[in-house]
Amino acid sequence: MKFTVQKDHLVKAVQDVMRAVSSRTTIPILTGIKLVVTNEGLTLTGSDSDISIESYLPTIVDDQQLVDVKQPGSIVLNARYFSDIVKKLPADFVELESDSHYVTTIRAGKTEFSLNGFDAEEYPLLPQIEEHETISISADLLKFMIRQTVFAVSTSETRPILTGVNWKIENGELTCIATDSHRLALRQAKIDNNALTNEFKASVVIPGKSLNELSKILDDNNEKVDIVLTEHQALFKTKHILFFTRLLEGNYPDTSKLIPSESKTELTVMTKEFLQAIDRASLLAREGRNNVVHLETKGNTLVNISSYSPEIGKVVDEIACEDIKGEELKISFSAKYVMDALKAIESPEIYIQFTGAMRPFLIRTVNDSRTLQLILPVRTY
């Protein structure tokens, strides 16, 4: 194998596939990155058997030569050393050459490294996915949907299914739901369903960890990402990246019953002001086991946000609301959960619906029913 590749493109491709490489794997060869070079281009693969990422560099892009292939071939190189080396090479082009004993020489400018590699034939094959139904969604919308839901997945392994985000497709609409049983985040979006049959339905659970890694790889643009969902795997395809993830097995709980249909108290408030007030109140609540903040409505336009810790002290903050409708209310909740929800909301103004002091409450964006955050209150005596 012998080829030359443009350094910046190689560094980006290596960083992308590194996201799937784990140092703690029972299969030693998976600590490496697989490189396959053909006359068409260079393919890099990283995998930890849960996530697999493939990045492709074609020989020519926009009349610019990225890869110059002298001799096709393949090799697996230690991911950590290889990624550190390519980042620090001095020149704009990198030459890689491997011999029959898998020893790979990496040259750039006057610098030369030699790395022991492994036989690429021993590297596990990527999942084979039958592409019956493909959905398309723009990269920036997909990143938004991940960001607005993935923070609410459970971090506890007692119910593994809750460590993932439930993706449901029905009537040309994608719904993403995440819950850790104390809070819930929901985001809906229309999908480009030209390629879909209208009867197409799917419900899968994608690990939160996989979605976080996917979000870091996607560019902030409106290029389409093609998504293929099968029984055990999901595949996300962009122009030069294939991202495979296994799905979580089991039935996701029916969360529709959790969402209250009526409310007793409603308030409209500026997102940033509300977030800052809760942040200040949580300064004294952090030590506590549950980081609890209290909210109390005052008349038609004021809300008191307070926190009390017997050992430390207390804080009371008052903020003006655009509008308060319905019954007076006193409620306590986790500051962290509400702050996480508010940070995921893109709107300058929010609308909160309460159904009583001990019932879940909803945070919505004004004029948009497609984003919803639900939080369970905390019982305080």
Side-chain angles (χ1 to χ4, degrees), residues 1-23 25 27-49 51-129 213 216-217 219 235-244:
M1 177 185 88
K2 186 176 181 182
F3 66 95
T4 307
V5 56
Q6 207 177 9
K7 179 192 155 184
D8 290 349
H9 284 83
L10 177 64
V11 170
K12 170 84 172 77
V14 169
Q15 280 172 340
D16 285 346
V17 300
M18 275 291 284
R19 297 198 175 280
V21 179
S22 166
S23 52
T25 173
I27 309 167
I29 200 158
L30 289 184
T31 57
I33 289 175
K34 177 177 162 185
L35 289 82
V36 177
V37 66
T38 65
N39 292 323
E40 281 73 54
L42 168 66
T43 303
L44 292 90
T45 308
S47 176
D48 67 356
S49 65
I51 301 175
S52 303
I53 301 171
E54 191 178 277
S55 180
Y56 178 64
L57 295 176
T59 46
I60 293 173
V61 168
D62 303 333
D63 300 331
Q64 184 189 14
Q65 183 150 34
L66 298 189
V67 188
D68 181 14
V69 182
K70 310 272 196 313
Q71 188 188 348
S74 59
I75 193 85
V76 175
L77 297 174
N78 179 292
R80 194 163 60 88
Y81 291 118
F82 183 53
S83 83
D84 285 348
I85 289 168
V86 294
K87 266 187 268 186
K88 294 184 177 174
L89 288 173
D92 292 340
F93 283 89
V94 181
E95 185 184 61
L96 281 95
E97 184 177 5
S98 62
D99 64 17
S100 57
H101 301 294
Y102 311 118
V103 176
T104 303
T105 308
I106 303 164
R107 296 186 196 92
K110 299 233 175 349
T111 308
E112 183 170 308
F113 281 89
S114 193
L115 259 190
N116 297 332
F118 308 94
D119 182 359
E121 293 295 316
E122 291 174 20
Y123 198 87
L125 292 172
L126 287 186
Q128 295 302 305
I129 284 191
E213 296 303 347
K216 289 171 192 162
I217 289 176
D219 293 325
L235 165 61
F236 297 84
K237 297 199 302 185
T238 68
K239 210 184 329 180
H240 297 308
I241 297 246
L242 296 182
F243 183 103
F244 296 85

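All residue numbers refer to positions in the sequence shown, counting from 1.
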Minimum-distance pair of heavy atoms, taken over all atoms of H101 and D99: N-OD1, 2.8 Å
Looking at every non-hydrogen atom in both residues, tell me the closest pair between S98 and T104 and how far apart they are. CB-OG1, 3.4 Å
With a 3.5 Å distance limit and no angle check, can you tell me whether K7 reaches the backbone of L89 through a side-chain donor-acceptor pair? yes
If you measure from CG on L44 to CG on L57, what distance do you get to the nearest 0.5 Å? 6.5 Å
Parallel, tilted or perpendicular: which describes the rings of F243 and F236, with under 30° parallel and over 60° perpendicular? perpendicular
Straight-line distance of L10 CG to S83 OG, nearest 0.5 Å: 10.5 Å
If you count heavy atoms of other groups shown closer than 6.0 angstrom to CD of Q64, is the number above 12? yes
Criterion side-chain contact (heavy atoms from CB on, under 4.5 Å) on E122 and V76, from CA distance to verdict: CA-CA 9 Å; E122 291 174 20; V76 175; over 6 Å; no
Do NZ/NE/NH1/NH2 and the carboxylate oxygens of E97 and K70 come within less than 4.0 Å? no
Would V69 and N39 count as a side-chain contact (heavy atoms from CB on, under 4.5 Å) if you check the C-alpha gap in whole Å, the side-chain angles of each, and the deciding distance to 0.1 Å? CA-CA 6 Å; V69 182; N39 292 323; 4.0 Å; yes
Do L77 and F118 come close enough that some side-chain heavy atom pair is under 4.5 Å? no
First locate atom CD1 of I33, then atom OG1 of T45, and finally report the distance between them rounded to the nearest 0.5 Å. 9.5 Å
Any ion pair linking K12 and D16 (charged N to carboxylate O, less than 4.0 Å)? yes
Of all heavy-atom pairs linking L115 and Y81, the shortest is CD2-CB, 4.1 Å
Minimum heavy-atom distance A108-P90, with the two atoms named: O-CG, 3.6 Å
Before giving the answer on side-chain contact (heavy atoms from CB on, under 4.5 Å), spell out for Q71 and F3 the whole-Å C-alpha distance, their side-chain angles and the decisive distance to 0.1 Å. CA-CA 7 Å; Q71 188 188 348; F3 66 95; over 6 Å; no
Closest contact, heavy atoms only, T4 versus E95: OG1-CG, 4.0 Å
Kindly give the heavy-atom pair with the smallest separation between V21 and A79, and that separation in Å. CG1-CB, 3.8 Å
Which of these passes side-chain contact (heavy atoms from CB on, under 4.5 Å) with F244: I129, I53, I51? I129
Could you state the interatomic distance from NE2 (H9) to CG (L42), rounded to the nearest 0.5 Å? 12.0 Å
Test S49 against T25 for side-chain contact (heavy atoms from CB on, under 4.5 Å), laying out the working first. CA-CA 9 Å; S49 65; T25 173; 5.8 Å; no
When you look at CD of E112, are more than 12 heavy atoms from neighbouring residues, nucleotides or ligands closer to it than 6.0 Å? yes
Hey, could you give me the CG/CG distance between L96 and L35, rounded to the nearest 0.5 Å? 6.5 Å
Test applied, side-chain contact (heavy atoms from CB on, under 4.5 Å); reference residue, S47; option that passes from S52, S22, P124: S52
To the nearest 0.5 Å, what is the distance between CG on L242 and CD on E54? 4.5 Å
